[in-house]
2 protein chains.
Amino acid sequence: MVYNFKFDQQNVRKHHYFLLLSLIQKHKKISRSQLSKFTGISNTTVGKITKSLMKDDLIIEKGQTEGEIGRKASLLEINPKGAFIIGISIDINSIKIALVTLNGEIVDKTQVACKVKHHPRETLDQLITLTKQFIENKPKKILAIGISMPGLISWPDGLAVRVPQFNWHEVEVRDYLKDKLNFDIFVDNDVRSVLLAEYLFGNLNNMHNSTCIYIGSGVGSSVMINGQIVRGHNNMLGEIGHTTMNPNGALCDCGRLGCLQTYICISEIEKQTQRSMDEVILAYKNNEDWAVRVIDRAKNYLGIAISNIICTYNPEAVLLAGPLIERFPEITKNLEADTKKHIWSPLKESFLLLKASLGEDSDIIGASALVLNNFLKNTANNEKR
Amino acid sequence: MVYNFKFDQQNVRKHHYFLLLSLIQKHKKISRSQLSKFTGISNTTVGKITKSLMKDDLIIEKGQTEGEIGRKASLLEINPKGAFIIGISIDINSIKIALVTLNGEIVDKTQVACKVKHHPRETLDQLITLTKQFIENKPKKILAIGISMPGLISWPDGLAVRVPQFNWHEVEVRDYLKDKLNFDIFVDNDVRSVLLAEYLFGNLNNMHNSTCIYIGSGVGSSVMINGQIVRGHNNMLGEIGHTTMNPNGALCDCGRLGCLQTYICISEIEKQTQRSMDEVILAYKNNEDWAVRVIDRAKNYLGIAISNIICTYNPEAVLLAGPLIERFPEITKNLEADTKKHIWSPLKESFLLLKASLGEDSDIIGASALVLNNFLKNTANNEKR
DNA sequence: TTTAAACTTAATTTACAATATAAACTTATT
DNA sequence: AATAAGTTTATATTGTAAATTAAGTTTAAA
């Protein structure tokens with residue numbers, strides 16, 4: 001058992017260095033003196049540290065404060081050309097790779113089709129080749145590589161424990177890629193990375209307690225508490241797909257009754273209706289009885305699920321994300337009002353219901369967010385090889 | 001907006017001082033050289049800091065390591081007579097006050113009957129008088145006062161927002177007591193303090209991710225993540241009593257259907273059966289039909305609730321506590337096996353199901369745990385007056 | 001069996017390096 | 001001249017490595 005809580009002089013300096021960097025990132029533009037006031041760090045030290053951040057090309061000086069009497073403060077901001085992140089998403093049939101700034105902006109991007117299912121080794125080898133090509137003619141400073149993919153991923157060791165969508169089991173994604181690519185690699189699932197992305201770059205700015213409900217082929221959730229993604233004892237925190245919503249409900253794949261997944265996820269709705277999700281939604285729009293029944297039931301249970309989530313996590317915001325949410329806005333129509341009707345009254349006004357805001361590239365931005373978050377917190381990723 | 005993340009020299013020293021103190025508390029007995037190895041802090045510094053801890057009477061040297069070659073290390077432990085905590089519990093009809101050591105041991109205790117219901121001011125004034133009397137002839141060093149009580153308590157400002165059991169609303173418990181008693185005051189509810197107490201002194205040793213389900217007149221839960229009690233955006237994290245367990249269930253007080261509280265809590269069972277809980281349990285033991293029906297249903301829903309809790313929080317351990325659990329062991333008979341039958345299989349072996357171990361004084365020990373936890377983490381409690 | 005040298009680990013002392021700060025000072029603007 | 005931003009200078013605090021002292025065990029010769 002080793003505790004790494006000590007602060008020797010170097011650690012203090014490093015801590016302050018990244019603290020100031022993350023404040024600059026968060027505030028977009030901020031002056032030295034404001035940094036000093038906000039943190040309590042003396043102006044002397046702020047001056048020294050910002051000088052070293054500039055020497056490292058992580059920040060630049062741009063513009064000044066306006067008005068007021070006295071000398072104007074010059075503003076500091078992230079150097080958009082100083083350091084980059086490689087964000088990668090692995091999807092059921094494609095790999096996306098992007099070069100992303102520390103502000104979450106995509107500078108360059110490539111996407112290729114790819115048979116992911118059943119082929120972990122081939123997929124990763126293809127990913128490695130692609131990444132090498134992608135990086136080759138970019139002589140930029142790359143901090144690390146972030147990877148977003150579905151499934152149960154263990155943190156921080158980046159082991160894909162179970163990926164039902166790909167039929168992968170126990171694939172050592174991080175270690176395999178780290179060996180071949182020689183970068184630090186951060187891997188997490190789509191549910192967590194989209195939440196982190198919205199927190200750092202999107203709709204959840206400064207909401208330190210929030211929950212994401214992600215609905216695609218299954219249902220999952222991710223949770224941020226006090227600004228940290230929390231993962232539970234076995235990285236399975238938020239696995240709400242198999243919470244029992246109705247003990248007398250329908251039989252789930254897992255052999256139990258009335259799991260949330262039996263009411264609201266694409267694969268189950270398709271299975272139950274024997275149609276594609278697009279057909280179901282079309283029929284729903286045309287007010288066809290069978291479709292209205294299944295979609296209204298889904299919406300009803302989604303409302304209950306949100307209400308239960310709010311009771312259990314008491315978040316400031318609930319973020320809805322995932323293919324079902326993003327491709328079929330019908331599902332979330334009137335959802336906020338419906339949820340407020342369902343929910344226990346003391347919590348009625350406690351939360352915001354938001355939809356993912358980062359669009360189709362949210363996955364690669366999320367992958368980059370994994371890296372940025374760890375870089376700004378200055379947490380290494382070298383454990384347990 | 002002010003960020004207090006800086007580490008000047010004094011903060012570093014303070015941080016290390018409390019880090020070593022908390023490790024000594026946790027390990028019961030530990031040598032300087034082990035402290036140095038565990039933390040990475042140099043033996044020089046460990047020597048200096050432990051010397052200052054001894055000067056402050058917080059630790060003592062006692063005994064030595066055994067066997068091995070080389071010089072024996074002398075062991076450090078908490079000085080049981082060095083500093084104390086006042087732990088207070090407020091219950092529906094009594095107030096308990098105890099003098100507690102930093103190891104969670106009760107040194108002295110007093111208990112008085114008291115009409116709490118509807119009388120916040122009188123109750124607090126009585127509590128103040130009692131506490132003053134209690135402290136009077138104890139010329140010991142008292143760190144702070146911890147208070148455990150039911151209801152929704154906001155943290156860290158110690159405002160009793162809603163206490164249905166007492167019919168209290170918006171009572172400024174912390175600030176009122178702080179003014180009159182001139183001690184730092186830490187207030188939280190019974191559900192959270194019992195979890196913290198079991199973590200620091202009881203069954204949950206070193207289980208940094210755990211959840212407590214507390215069943216009494218209502219149902220609540222408290223959650224520890226990475227060794228921290230988490231409270232959510234409005235201190236309502238864990239309010240599972242009004243999660244919907246069955247959308248077609250019975251009508252709850254709150255006006256909604258099928259809340260967990262309608263299936264398993266003393267007041268509801270008494271209301272539904274029109275008998276006292278003791279009578280219900282007696283009848284259940286005698287195999288009377290009506291009692292078997294209601295208790296078996298309660299047990300069934302408790303199993304589902306635990307299963308859902310495990311999916312949502314993925315804890316290492318689930319702690320069962322509260323009057324219903326502690327007074328009626330029938331409720332939890334075979335519960336672990338039953339839960340494992342219900343639960344989603346990937347999580348089947350992920351958790352321990354434990355019962356509260358600290359007995360009838362768990363409330364005052366919990367109150368002390370609130371203080372100890374904050375003292376060891378060196379977090380002040382002066383915000384937002 | 002005795003005993004002293006060699007060895008091992010614990011803990012303290014000493015000399016030094018890193019860092020943060022306050023105070024003084026310079027710069028830029030009203 | 002006044003005010004605020006930012007830098008320089010002198011200094012105090014703290015932590016560490018290396019050296020030293022302390023306290024025990026092992027080994028082997030007497």
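Model, not experiment: these values are computed from the prediction. Each chain gets a letter, A, B and so on, in the order the sequences are listed, and its residues count up from 1.
By the side chain to side chain contact (heavy atoms under 4.5 Å, CB included) test, A:Q228 is found to be paired with A:K377, residues two or more places apart in sequence or in another chain being considered. Every residue two or more places apart in sequence or in another chain that forms a salt bridge (charged side-chain N to carboxylate O under 4.0 Å, His left out) with A:D108 is listed here: A:K138. Partners of B:E172 by salt bridge (charged side-chain N to carboxylate O under 4.0 Å, His left out), not counting sequence neighbours: none found. Taking the ring pair (Phe, Tyr, Trp, His ring centres under 6.0 Å) definition, one finds that B:Y199 meets it with B:H208, sequence neighbours left out.
In this structure, CD1 of B:I49 is placed 9 Å from P of D:dT16, rounded to the nearest angstrom. For the pair A:Q64 CD and C:dT27 P, the interatomic distance rounds to 16 Å; values are reported in whole Å. Here the P atom of nucleotide D:dA5 and the CG atom of A:L76 are 13 Å apart, to the nearest Å. In this entry the distance linking NE2 of A:H15 with C1' of C:dT19 reads 14 Å, nearest Å. In this structure, A:R13 atom CZ and D:dG15 atom C1' are separated by 16 Å, rounded to whole Å.
Legend: salt bridge (Lys or Arg N to Asp or Glu O under 4.0 Å) pairs involving residues 39-52 of chain B, not counting sequence neighbours: none detected.
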For nucleotides 8-14 of chain C, 5' to 3', base contacts (B), sugar-phosphate-only contacts (S) and non-contacts (-) with protein non-hydrogen atoms under 4.0 Å give BBBSBBB
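In this model, no donor atom of one side chain and acceptor atom of the other lie less than 3.5 Å apart for B:Y313 and B:N209.
Contact annotation: B:H16 reaches the phosphate of D:dG15 (side-chain N/O to OP1 or OP2, under 4.0 Å).
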